[in-house]
Amino acid sequence: MLKIAIQKSGRLYEDSMKLLKECGIQLNNGNKQLKTVAENFPLEVYFLRDDDIPQYVYDGVADIGIVGENVLLEKNKDIAHVFRLGFGKCRLSIAVPKGVSYNSIKDLDGLKIATTYANILQQYLTTNNSTAEIHEISGAVEIAPGIGLADAICDLVSSGSTLFTNGLKEVDVILKSEAILAANKNLTPENKALLDKLLLRINAVKTAKNNKYIILNAPNRQLKNIASVLPGMKSPTVTPLAEEGWSSVQSVVNENDFWEVIEKLKQFEAEGILVVPIEKMIA
Ligand code: ATP
Ligand code: ZN
């Protein structure tokens, strides 16, 4: 039985549950209990505070866990960062009051920075030979400058609206973070095999999200050109249409090249282009 720790409630909860579901893992109970066992995969799910997850994985109470990279780096436990999951994206940034000018971290020499991420910030200050002083607090960091507790803050930002409402501006990004699947470094061979099985599924879900299925009609004289911009998984599927001289072409396009590919297809006289999402994709 593989044991996974996920956040009990908060910003990573929904996406973590969704990921397990997309991997075909059925969970009966929500996060009302401390733990639950999947119905169709040898997986036990523990619902915990995100800050506790690195320690639990390090101790082997859980074998693997889903947690923000920011928390992993702050806790700095000797555990493996196995997979970047692509959700829970945020930045750990320095912010200063709106009117203050800032060119580099050296501008904060001798001043106080409030944060809950003392370890990550300390490392950044040391690397940059900064003499700023860290004021570690446990929450509501964004109000620290307003009440005279600090001159700047170092906190998580996603849209920046919390900073804005507190009269602050983001001036320096220390870390770009996202949710990570982390694992204990001494898994049993059985659990290692289960983790590999889970990773195959996570990969399939992630690859599918990055790709779209595309279907179009094209004149036969353009098929070579069209195949050159639509490599697909091997090569595109081409079937003749009832109308003489025309074919239907089916393939897979990567999200990153999507619009570029569509423009080229139009140049090569493609018509009736349909684009559909892919649920799973196994290369
Ligand atoms: P817990 O009760 O589990 O301790 P928390 O309040 O510490 O929860 P959340 O605010 O739910 O944590 O955030 C969990 C994680 O979500 C963060 O550690 C971070 O990796 C990620 N995250 C994404 N966007 C943001 C954001 N705008 N602010 C804070 N965290 C964010
Ligand atoms: Zn937390």
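All residue numbers in this chain count up from 1 along the given sequence. Just follow the structure's listing: the first ligand is 1, and inside any ligand the first atom is 1.
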Side-chain ion pair, [X] and [Y], N-O less than 4.0 Å:
X: Arg49; Y: Asp52; result: no
X: Arg91; Y: Glu178; result: no
X: Glu22; Y: Arg201; result: no
X: Glu69; Y: Lys176; result: no

Are [X] and [Y] linked by a side-chain donor-acceptor pair shorter than 3.5 Å?
X: Tyr117; Y: Asn70; result: yes
X: Ser93; Y: Glu170; result: yes
X: Tyr102; Y: Asp172; result: yes

Considering Asn70, Ile180, Val67, which one's heavy-atom position lies nearest to atom 17 (C) of ligand 1?
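Closest candidate by heavy-atom distance is Asn70.
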Could you pull out, from Gly88, Ser158, Gly139, the option with a heavy atom nearest to atom 21 (C) of ligand 1?
Gly88
At what distance is the nearest protein heavy atom to [atom], and which residue and atom is it?
atom: atom 24 (N) of ligand 1; value: Cys90 CB, 3.4 Å
atom: atom 30 (N) of ligand 1; value: Leu156 CD1, 3.3 Å
atom: atom 14 (C) of ligand 1; value: Asp50 OD2, 3.5 Å
atom: atom 8 (O) of ligand 1; value: Gln7 NE2, 2.9 Å
atom: atom 10 (O) of ligand 1; value: Arg11 NE, 3.2 Å

Is Glu69 in polar range of ligand 1, meaning some N or O pair under 3.5 Å apart?
no
Against heavy atoms of [X], which atoms of ligand 1 measure under 4.0 Å?
X: Lys89; result: 23 (C), 24 (N)
X: Gly10; result: 11 (O)
X: Gly68; result: 20 (O)

Ligand 1 versus [X], non-hydrogen atoms closer than 4.0 Å: side chain, backbone, both, neither?
X: Val71; result: side chain
X: Leu12; result: side chain
X: Glu178; result: neither
X: Arg49; result: both

Looking at the Zn ion (ligand 2), which N/O/S atom of Asp51 is the nearest one?
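The atom in question is OD1.
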From the N, O or S atoms in Asp50, identify the one nearest to the Zn ion (ligand 2).
OD1
Do the side chains of Leu149 and Ile137 get nearer than 4.5 Å, heavy atoms only?
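They are in side-chain contact.
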Would you call Val238 and Leu223 a side-chain contact if the rule is heavy atoms closer than 4.5 Å?
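Side chain of Val238 against side chain of Leu223, heavy atoms only: contact under 4.5 Å found.
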Is atom 27 (N) of ligand 1 close to the protein, meaning a heavy atom under 4.0 Å from it?
yes
Here's one to test your reading of the geometry: is the NZ or CZ of Lys77 within 45 degrees of the ring axis of Tyr56 and under 6.0 Å from its centre?
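No, Lys77 and Tyr56 do not form such a contact.
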Out of curiosity, does Leu20 fall in the hydrophobic cluster containing Leu195 (side-chain heavy atoms, cut-off under 4.5 Å, transitive links)?
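Yes, it is one cluster - the side chains of Leu195 and Leu20 are joined through contacts under 4.5 Å.
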